[in-house]
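Here the structure comes first, spelled out in structure tokens, and everything after it is commentary.
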Amino acid sequence: MAALSRIRHVKLPVTDLARSVAWYRDLLELELVAEFREQGELRGAQLMHPASGFGIALREREFCAGKPDLAGFDVFAIEVGSVDDLHQLAARAAERDYPHHEVVDRGEYGAFLNIIDPDGLCVRFLANNPLNAGRFTGIDSDDQGGFTLYDTPTLG
């Protein structure tokens with residue numbers, strides 16, 4: 001099989017393309033690198049981080065198959081370099097009045113920050129995430145926010 005190098009982009013359904021393009025560009029300092037029209041009507045956009053090449057594609061929900069509503073769900077996570085980076089993102093979100101949660105730092109088990117986009121999608125940012133290829137980690141979460149780890153896969 002050909003070597004996989006990275007996910008090129010994540011495509012998100014949005015209710016207001018211009019609003020979402022502005023929000024993601026503002027929060028993550030992404031560049032608008034492409035627009036997509038269908039029969040002359042603007043339906044989508046591609047944003048990209050200038051240094052990493054990470055991309056987010058946006059498409060008007062009305063023109064997506066099934067018109068998916070992903071409000072409240074963390075469809076993807078973006079890894080950042082450190083917990084300090086998470087705090088800087090949280091401060092950036094607060095300065096702009098973007099809804100977000102506090103940084104949760106679980107020490108050796110990593111840290112995360114959730115910022116809510118204009119359509120209610122949970123954009124999750126991670127730092128020091130302990131999950132890596134070559135090592136299995138099972139996580140059993142309880143209803144109080146705690147968790148236990150296990151090392152034998154259930155799915156084989």
Please tell me if the side chains of [X] and [Y] come closer than 4.5 Å, counting only heavy atoms from C-beta onward.
| X | Y | answer |
| --- | --- | --- |
| Phe76 | Val123 | yes |
| Leu32 | Arg25 | yes |
| Pro118 | Val14 | no |

**Study point:** Pairing residues for Glu29 by the side-chain hydrogen bond (donor to acceptor under 3.5 Å, both in side chains) criterion, not counting sequence neighbours
**Key:**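 Partners of Glu29 under the side-chain hydrogen bond (donor to acceptor under 3.5 Å, both in side chains) test: Arg92.
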Point to revise | Partner set under side-chain hydrogen bond (donor to acceptor under 3.5 Å, both in side chains) for Asn128, not counting sequence neighbours | key: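 side-chain hydrogen bond (donor to acceptor under 3.5 Å, both in side chains) check on Asn128 returns nothing, list empty.
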What are the two closest non-hydrogen atoms of [X] and [Y], and how far apart are they?
| X | Y | result |
| --- | --- | --- |
| Ile116 | Trp23 | O-CZ2, 3.4 Å |
| Tyr150 | Ile139 | CE2-N, 3.5 Å |
| Glu38 | Arg59 | OE2-NH1, 2.8 Å |
| Leu70 | Val75 | CD1-CG2, 3.6 Å |
| Ala45 | Val21 | CB-CG2, 3.8 Å |
| Leu17 | Arg43 | CD2-C, 3.9 Å |

Nearest 0.5 Å, what's the [atom1]-[atom2] distance between [X] and [Y]?
| X | Y | atom1 | atom2 | result |
| --- | --- | --- | --- | --- |
| Met48 | Leu28 | CE | CG | 13.5 Å |
| His49 | Glu31 | NE2 | CD | 9.0 Å |
| Asp119 | Ser20 | CG | OG | 4.5 Å |
| Tyr24 | Arg19 | OH | CZ | 10.5 Å |
| Ile78 | Ile56 | CD1 | CD1 | 5.0 Å |
| Leu121 | Leu12 | CG | CG | 5.5 Å |

Mind jotting down which residue pairs meet the side chain to side chain donor-acceptor pair (under 3.5 Å) criterion with at least one end in [range]? Sequence neighbours excluded, please.
| range | value |
| --- | --- |
| residues 63-77 | Asp74-Arg124 |
| residues 96-109 | Asp26-Arg96, Asp26-Tyr98 |
| residues 133-147 | none |

Do [X] and [Y] belong together in a cluster built from hydrophobic side chains that touch within less than 4.5 Å?
| X | Y | answer |
| --- | --- | --- |
| Leu30 | Phe36 | no |
| Val80 | Phe54 | yes |
| Leu58 | Phe73 | yes |
| Phe136 | Leu149 | no |

Using distance only, find each side-chain donor-acceptor pair of residues 81-88 under 3.5 Å and give its atom names and separation, not counting sequence neighbours.
from	atom 1	to	atom 2	distance (Å)
Ser82	OG	Asp84	N	3.3
Ser82	OG	Asp85	N	3.1
Asp85	OD2	Gly81	N	3.1
Asp85	OD2	Ser82	N	3.2

Review point. Does the pair Arg37 and Leu42 meet the rule for a side-chain contact (heavy atoms from CB on, under 4.5 Å), with working shown?
Key: CA-CA 4 Å; Arg37 294 181 179 272; Leu42 186 60; 4.0 Å; yes
